[in-house]
Novice: 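Dropping a structure here in structure tokens format, bear with me for questions.
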Number of protein chains: 2
Amino acid sequence: MMRNIFLGFIRIHILHHANKGEIFGVWMMDELRSHGYSISTGTLYPILHSLEKDGYLTKRDEVADGKVRKYYRITEKGITALEEAKKKIRELVDEIMV
Amino acid sequence: MMRNIFLGFIRIHILHHANKGEIFGVWMMDELRSHGYSISTGTLYPILHSLEKDGYLTKRDEVADGKVRKYYRITEKGITALEEAKKKIRELVDEIMV
DNA sequence: ATCATGGTATCGTCCAACGATATTGTGCGT
DNA sequence: ACGCACAATATCGTTGGACGATACCATGAT
């Protein structure tokens, strides 16, 4: 249930961080965990894949420290979606945070 | 995708309104629609059922205006969940709304 | 050339979302 | 008293996402 609610938050976090800079899977997992969102790779990677497939993120391979990493950054479409999400959050806050 | 993000918001809305007073299906649908969330009965009712089944809401039948309505209100468990969600929203806002 | 490591990918299962359609209970008109 | 129309709730079949667990891959070190 809580998970159900937080999955949206997780996607927003991802878009937000991919907007501020490049991200990759494991880093994002740690970041999310530090915010109290426990998520497994079996959940995160499919989310990244679908975000890329749908055009919200772009991927770039890089060998860093002897490991192949897939770096993601946001696209224009992703930015639009993020803005829309923020707008909805503002509305939500205005309504329920009284 | 957007839908995926907003489903959590919808659950929060439901808990919030069920906290302020009694709600029922169709009214909740209109309320959500007025906030820009389009949702069908095939989505809403199962959500209400599962929220009740899991103890976040309680149900009460009432005949109003010749129609049988199922009124829902929040439970203690639901209030706790709502508070937790609000806390997470605050954290999210603090992080991404800069 | 083997191994450990950091990182990514996917498999099987289970549950949720969805639009569409069916079902229910009630009051009203006749 | 009967059937009909209506508001509201419920459910069906399909499709898609979440999850933990497990497998996979590329590289550098020894």
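Here is how names work: the chains are called A, B, and so on, in the same order as the sequence lines, proteins then strands, and each is numbered from 1.
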Novice: Using whole Å, what does the distance between atom P of nucleotide D/dC19 and atom CG of A/Leu32 come to?
Specialist: 12 Å
Novice: On DNA chain D, does the nearest nucleotide to B/Phe24 precede the nearest nucleotide to A/Val68 from the 5' side, or the other way round? Give the residue.
Specialist: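 Nearer the 5' end of the strand: B/Phe24.
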Novice: What pairs of donor and acceptor atoms, side-chain ones from residues 53-61 of chain B against any protein atom, are under 3.5 angstrom apart with sequence neighbours left out?
Specialist:
{"unit_1": "B/Arg60", "atom_1": "NE", "unit_2": "B/Glu22", "atom_2": "OE2", "d": "2.8"}
{"unit_1": "B/Arg60", "atom_1": "NH1", "unit_2": "B/Glu62", "atom_2": "OE1", "d": "2.7"}
{"unit_1": "B/Arg60", "atom_1": "NH2", "unit_2": "B/Glu22", "atom_2": "OE1", "d": "2.6"}
{"unit_1": "B/Arg60", "atom_1": "NH2", "unit_2": "B/Glu22", "atom_2": "OE2", "d": "3.4"}
{"unit_1": "B/Arg60", "atom_1": "NH2", "unit_2": "B/Glu62", "atom_2": "OE1", "d": "3.0"}

Novice: Kindly give the heavy-atom pair with the smallest separation between A/Met2 and B/Ala81, and that separation in Å.
Specialist: CE-CB, 3.2 Å
Novice: C/dA17 C1' sits how many Å from B/Ile14 CD1, rounded?
Specialist: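 After rounding, the reported distance stands at 13 Å.
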Novice: Separation of B/Lys53 atom NZ from D/dT11 atom P, in whole Å?
Specialist: 14 Å
Novice: Quiz question: by atom type and distance under 3.5 Å, do the side chains of A/Glu31 and A/His17 form a donor-acceptor pair?
Specialist: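 Judged by distance alone, the side chains do pair up.
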Novice: Taking the side chain as everything from C-beta on, heavy atoms only, tell me whether A/Lys86 gets closer than 4.5 Å to A/Ile12.
Specialist: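 They are not in contact (no side-chain heavy atoms under 4.5 Å apart), so the answer is no.
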Novice: Does a side-chain N or O from A/Lys67 land closer than 4.0 Å to OP1 or OP2 of D/dG28, or not?
Specialist: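 Answer no for this pair, as no side-chain N or O of A/Lys67 is under 4.0 Å from OP1 or OP2.
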Novice: May I have the distance from B/Glu62 (atom CD) to D/dT9 (atom C1'), rounded to whole angstrom?
Specialist: 15 Å
Novice: Between B/Tyr45 and D/dA10, is there a contact of a side-chain N or O with OP1 or OP2 at under 4.0 Å?
Specialist: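 Result: no.
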Novice: Do the side-chain N or O atoms of A/Ser40 get closer than 4.0 angstrom to the phosphate oxygens (OP1, OP2) of D/dC19?
Specialist: no
Novice: Does any pair with a residue in residues 70-98 of chain A pass ring-ring contact (aromatic ring centres under 6.0 Å, His included), and if so which ones, sequence neighbours excluded?
Specialist: A/Phe24-A/Tyr71
Novice: Just the rounded figure in Å: distance from C1' of C/dG7 to CD of A/Glu31.
Specialist: 18 Å
Novice: To the nearest Å, give me how far apart CG (B/Leu44) and P (C/dA16) are.
Specialist: 15 Å
Novice: Is the B/Tyr37 ring parallel, tilted or perpendicular to the B/Phe9 ring (thresholds 30°, 60°)?
Specialist: perpendicular
Novice: Distances under 3.5 Å only, N/O to N/O: pair up the protein atoms with those of nucleotides 16-18 of chain D.
Specialist:
{"unit_1": "D/dA18", "atom_1": "OP1", "unit_2": "A/Arg11", "atom_2": "NH1", "d": "3.0"}

Novice: Please confirm whether A/Lys70 makes a cation-pi placement over A/Tyr45, using NZ or CZ under 6.0 Å from the six-membered ring centre and within 45° of the ring normal.
Specialist: no
Novice: Atom CD of B/Glu52 and atom C1' of D/dT9: how far apart are they, to the nearest Å?
Specialist: 13 Å
Novice: Whole Å only: how far is the NE2 atom of B/His49 from the C1' atom of C/dA17?
Specialist: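 Between C1' of C/dA17 and NE2 of B/His49: 15 Å.
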